[in-house]
Trainee: 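Got a structure here, written out as structure tokens. Questions coming.
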Amino acid sequence: MGMKDKFQDQAEQWQQQAKEKAQQGRQREEHGRQREERGQEQEPQRSGRPRDEETERLRREEEDRFNQDYDA
């Protein structure tokens, strides 16, 4: 098998993987929309804010640790 064939095969594999991931994303998005339309949200809307604040706090802490590792 020549190098050109090898690269072509790899490119085709990547394209197929990208198509599959895009399809999965569309399915998840559609499923989420259907749940919202049916009113089957797992948590009330107001409880989302503390989770966002917690996520933001954890992200900042991780970023600080990362910066400390590379600032030394």
Side-chain angles (χ1 to χ4, degrees):
M1 178 183 274
M3 290 297 286
K4 186 175 180 181
D5 293 335
K6 187 176 182 179
F7 289 126
Q8 182 67 28
D9 288 345
Q10 185 67 45
E12 289 171 1
Q13 287 177 352
W14 287 340
Q15 287 175 342
Q16 184 62 32
Q17 289 173 351
K19 287 178 186 179
E20 290 171 2
K21 285 186 177 186
Q23 179 66 26
Q24 289 173 353
R26 285 191 292 269
Q27 288 173 348
R28 286 187 190 123
E29 184 177 306
E30 183 62 30
H31 181 70
R33 244 188 257 129
Q34 289 173 354
R35 286 181 55 192
E36 287 178 14
E37 289 171 0
R38 285 184 265 158
Q40 295 181 354
E41 280 294 319
Q42 293 292 331
E43 299 178 16
Q45 187 68 18
R46 63 190 168 131
S47 68
R49 182 163 291 184
R51 176 186 285 169
D52 292 341
E53 291 171 358
E54 177 72 11
T55 302
E56 181 64 22
R57 183 183 63 79
L58 292 171
R59 186 194 61 76
R60 272 189 263 117
E61 288 176 358
E62 183 177 335
E63 188 175 288
D64 289 344
R65 283 194 303 271
F66 178 82
N67 289 337
Q68 288 173 358
D69 289 344
Y70 288 96
D71 285 344

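In this text the structure is predicted, and so the values were computed from the model without any measurement.
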Trainee: Please tell me whether Glu12 and Gln8 have a donor and an acceptor in their side chains that are separated by less than 3.5 angstrom.
Mentor: yes
Trainee: Under a 4.0 Å threshold between the charged nitrogen and the carboxylate oxygen, would Arg57 count as salt-bridged to Glu54?
Mentor: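 Counted as a salt bridge, because a side-chain N and a carboxylate O are separated by less than 4.0 Å.
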Trainee: List the residues meeting side-chain contact (heavy atoms from CB on, under 4.5 Å) with Gln27, not counting sequence neighbours, and say none if there are none.
Mentor: Gln23
Trainee: How many angstroms lie between atom CZ of Arg65 and atom CD of Glu62, to the nearest 0.5 angstrom?
Mentor: 6.0 Å
Trainee: Mind checking side-chain contact (heavy atoms from CB on, under 4.5 Å) for Arg59 and listing every partner two or more places apart, or none if nothing turns up?
Mentor: Glu56, Glu63
